[in-house]
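In what follows, a structure is listed as structure tokens, so that the remarks can point back to it.
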Amino acid sequence: QVQLVESGGGLVQAGGSVRLSCVASGRTFSIYSMGWFRQAPGKEREFVAVIRWNDSRTYVADSVKGRVTISRDNAKNTVYLQMNSLKPEDTAVYYCAVGDRGAWPTRKYDYWGQGTQVTVSS
């Protein structure tokens, strides 16, 4: 199994930036990809971005493309999500997850973190 812990959320003003981190522990050698998702109150969980562990290939949702960068530090077993030009509609709980091997972009995720809240004030 893999355990995930997210951090970096908080209250941010519109137009600002936030950098989320997700540290993986456990069977990290088995990680194929790691992704970020978000869920706003009353809405379904939404895919944000994913990065492949061995070559850093990334895929970002159209809804946030141009404002979001996903990166990873293999030595620290950490994946990052840099979000810029934040909008109130970016307010959500952000989750990281470990992707299953197979299709790219990853479609199935096996392990999930507890999430970190990002609130964007107008």
Minimal non-hydrogen separation, [X] against [Y], with atom names:
X     : Y     : result
Val2  : Ser30 : CG2-OG, 4.2 Å
Ala24 : Ile31 : CB-CD1, 3.9 Å
Ser71 : Val79 : O-CG2, 3.2 Å
Ala49 : Val68 : CB-CG1, 4.4 Å
Cys22 : Met34 : SG-CE, 3.8 Å
Arg52 : Arg72 : O-NE, 4.3 Å

Are [X] and [Y] packed together at the side-chain level, in the sense that at least one heavy-atom pair is separated by less than 4.5 angstrom?
X      : Y     : answer
Ser56  : Ile51 : yes
Tyr94  : Glu6  : no
Asn84  : Ser17 : yes
Ser21  : Tyr80 : yes
Leu4   : Tyr95 : no
Trp104 : Val50 : yes

Okay, side chain of [X], backbone of [Y]: is any donor-acceptor separation there less than 3.5 Å?
X      : Y      : value
Arg101 : Tyr32  : no
Thr91  : Val120 : yes
Gln114 : Val5   : no
Arg38  : Val48  : no

Considering residues, nucleotides and ligands other than Gln13, do more than 12 of their heavy atoms fall under 6.0 Å from its CD?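 Open: at most 12 neighbouring heavy atoms sit under 6.0 Å from CD of Gln13.
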In terms of heavy-atom contacts, does NZ of Lys65 have more than 12 from other residues, nucleotides or ligands at under 6.0 Å?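 Count over threshold, so yes.
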After noting the C-alpha distance and the side-chain angles of Val64 and Glu46, does the key distance pass the side-chain contact (heavy atoms from CB on, under 4.5 Å) rule? CA-CA 11 Å; Val64 295; Glu46 175 189 18; 5.5 Å; no
Check the hydrophobic clustering (I, L, V, M, F, W, Y; side-chain heavy atoms under 4.5 Å; chains of links allowed) and say if Ile70 and Tyr59 are grouped together.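 Different hydrophobic clusters.
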Let me confirm one number: the CG-CG distance from Asp110 to Asp100, rounded to the nearest 0.5 Å.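 Output value for this atom pair is 4.5 Å.
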Would you give the length of the straight line joining atom OG1 of Thr106 to atom CH2 of Trp53, rounded to the nearest 0.5 angstrom?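 These two atoms lie 11.5 Å from each other.
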Pairing of Asp90 and Lys87 as salt bridge, 4.0 angstrom limit: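 So Asp90 does not pair with Lys87 through a salt bridge.
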Partners meeting ring-ring contact (aromatic ring centres under 6.0 Å, His included) with Phe37 (sequence neighbours left out):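 With sequence neighbours excluded, Phe37 shows a ring-ring contact (aromatic ring centres under 6.0 Å, His included) to Phe47, Tyr109, Trp112, given in chain and number order.
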Test side-chain contact (heavy atoms from CB on, under 4.5 Å) applied to Val18 and Leu81, Leu86, Thr119, the passing residue: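 So the option named by the test is Leu86.
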